[in-house]
2 protein chains.
Amino acid sequence: MESAAGNHSVDDISKAIIEQLQEDGRRSYAAIGKAVGLSEAAVRQRVQKLTDSGVMQIVAVTDPLQLGFARQAMLGIKVHEDVLAVASRITAIDQVDYCVVTAGSFDLLAEVVCENDQDLLLLVNRFRSIPGVSSTETFMYLSLRKQAYNWGTR
Amino acid sequence: MESAAGNHSVDDISKAIIEQLQEDGRRSYAAIGKAVGLSEAAVRQRVQKLTDSGVMQIVAVTDPLQLGFARQAMLGIKVHEDVLAVASRITAIDQVDYCVVTAGSFDLLAEVVCENDQDLLLLVNRFRSIPGVSSTETFMYLSLRKQAYNWGTR
DNA sequence: AGTGAAACGACCGTAGA
DNA sequence: TCTACGGTCGTTTCACT
């Protein structure tokens with residue numbers, strides 16, 4: 001987490017390559033090469049660099065619902081202690097899949113994934129017992145409307 | 001968005017396959033087969049099914065900061081109209097990469113990506129002018145601490 | 001940083017248990 | 001749903017620009 005900012009060695013060709021891989025992470029380098037006007041080897045080198053430097057990673061993303069995780073929620077958290085210390089206690093929890101320090105009426109936002117309401121209840125209680133946490137507010141997910149991975153390449 | 005829920009045809013072997021692809025979305029079917037004890041063709045068929053049914057997708061995920069998008073924020077939104085109608089206006093905005101209907105003191109949460117503070121300001125104003133939106137609250141991202149894609153396979 | 005060529009390995013369709 | 005196998009295509013390495 002927390003990558004080096006402002007690495008500006010990502011040119012338009014690399015962006016085009018990223019765009020291809022956002023559509024299909026397994027598209028062949030040869031096919032990408034045809035699309036962006038580069039040889040297969042050149043594409044492979046660029047992809048290597050992009051992944052090594054952390055600009056991009058190619059991963060499987062899953063649908064919680066279809067894997068039996070029927071409850072998701074965002075927790076808004078207020079803190080009365082070092083935010084990063086609290087954050088590290090939160091990120092250590094398996095069921096937390098996303099956590100960010102924010103400026104605003106919450107100090108932290110954490111997205112959690114669980115199987116049912118009971119698990120969610122237990123989890124929220126667990127959050128409230130974390131040292132440094134003043135309060136939590138729960139936003140239960142009713143319907144995911146958008147999850148895009150393809151910005152930044154337009 | 002909004003997949004069919006509770007599809008329980010994802011057995012342990014498929015979960016093991018998913019786990020492999022969460023580590024590296026381009027790992028070869030042969031290598032995965034070795035790891036999970038299946039032939040290359042069987043792995044291929046299962047991956048095909050998993051992606052066709054939307055349980056899983058293999059995509060490139062990028063780091064906003066390294067692509068020159070220095071400002072991210074979560075917007076908490078209250079609505080005085082059909083939530084889904086408002087949601088569809090919001091998801092139509094390019095800079096929105098994530099949007100979910102919630103139960104709680106916000107009706108919607110939307111994550112936005114932009115290049116700088118000025119763009120963010122414009123974007124927030126744009127949100128406030130969307131028909132049906134009563135209010136918005138902005139949580140500016142200061143530091144991303146966790147972004148996991150590998151739950152549900154443990 | 002890029003190309004091109006040859007050896008290798010992965011992928012895909014089909015057939016069969 | 002799995003394995004087995006052969007043809008095709010993608011990937012890797014290397015020498016070169």
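Chain naming here is simple, since letters A, B, ... match the order of the sequence lines and numbering starts at 1 in each. Every value quoted in this text rests on a predicted model; they were computed, and no experiment measured them.
Remark: P of D:dT12 and CD of A:Gln48 are 9 Å apart, rounded to the nearest angstrom. Here D:dG10 presents its P atom at 14 Å from CD of A:Gln20, a figure rounded to the nearest Å. Counting to the nearest Å, the P atom of C:dG2 and the NZ atom of A:Lys49 are 9 Å from each other. The distance between atom CD1 of B:Ile32 and atom P of C:dA10, rounded to the nearest whole Å, is 11 Å. Rounded to an integer number of Å, the gap from CG of B:Leu38 to P of C:dC11 is 14 Å. In this entry the distance linking CD of A:Gln45 with P of D:dT11 reads 14 Å, nearest Å. Across the protein-nucleic acid pair, B:Ile58 atom CD1 and C:dC11 atom P stand 11 Å apart, rounded to whole Å. Rounded to a whole Å, the CG atom of B:Leu50 is 14 Å from the C1' atom of D:dT1.
Salt bridge absent: A:Lys15 and A:Glu19 never bring a charged side-chain N and a carboxylate O closer than 4.0 Å. A salt bridge between A:Glu23 and A:Arg27 is present, with a side-chain N of the basic residue lying under 4.0 Å from a carboxylate O of the acidic one. Ion pairing of B:Glu111 with A:Lys146 is absent here, as no side-chain N (NZ or NE/NH1/NH2) approaches a carboxylate O to less than 4.0 Å.
Among the protein residues, B:Ala41 comes within range of the nucleic acid bases, having at least one heavy atom under 4.0 Å from a base atom. Residue contacts shown for A:Arg44 include a base, since a base heavy atom lies under 4.0 Å away. Among the atoms of the strands shown, only primed sugar atoms or phosphate atoms (P, OP1, OP2) are found under 4.0 Å from some heavy atom of B:Arg26.
For B:Tyr29, the side-chain atoms get nearest to C:dC12 when compared with the rest of D:dT3, C:dA10, C:dC12. Each of D:dT3, C:dC12, C:dG2 was ranked by its minimum atom distance to the side chain of B:Glu40; first place goes to C:dC12.
Put simply, the side chain of B:Arg145 reaches to within 4.5 Å of the side chain of A:Leu84, judged on heavy atoms.
Toward the 5′ end of DNA chain D lies the nearest nucleotide of B:Arg46, the other residue of the pair A:Ala31 and B:Arg46 mapping further downstream.
Heavy-atom neighbours of B:Asn125 CG from other residues, nucleotides or ligands within 6.0 Å: above the threshold of 12.
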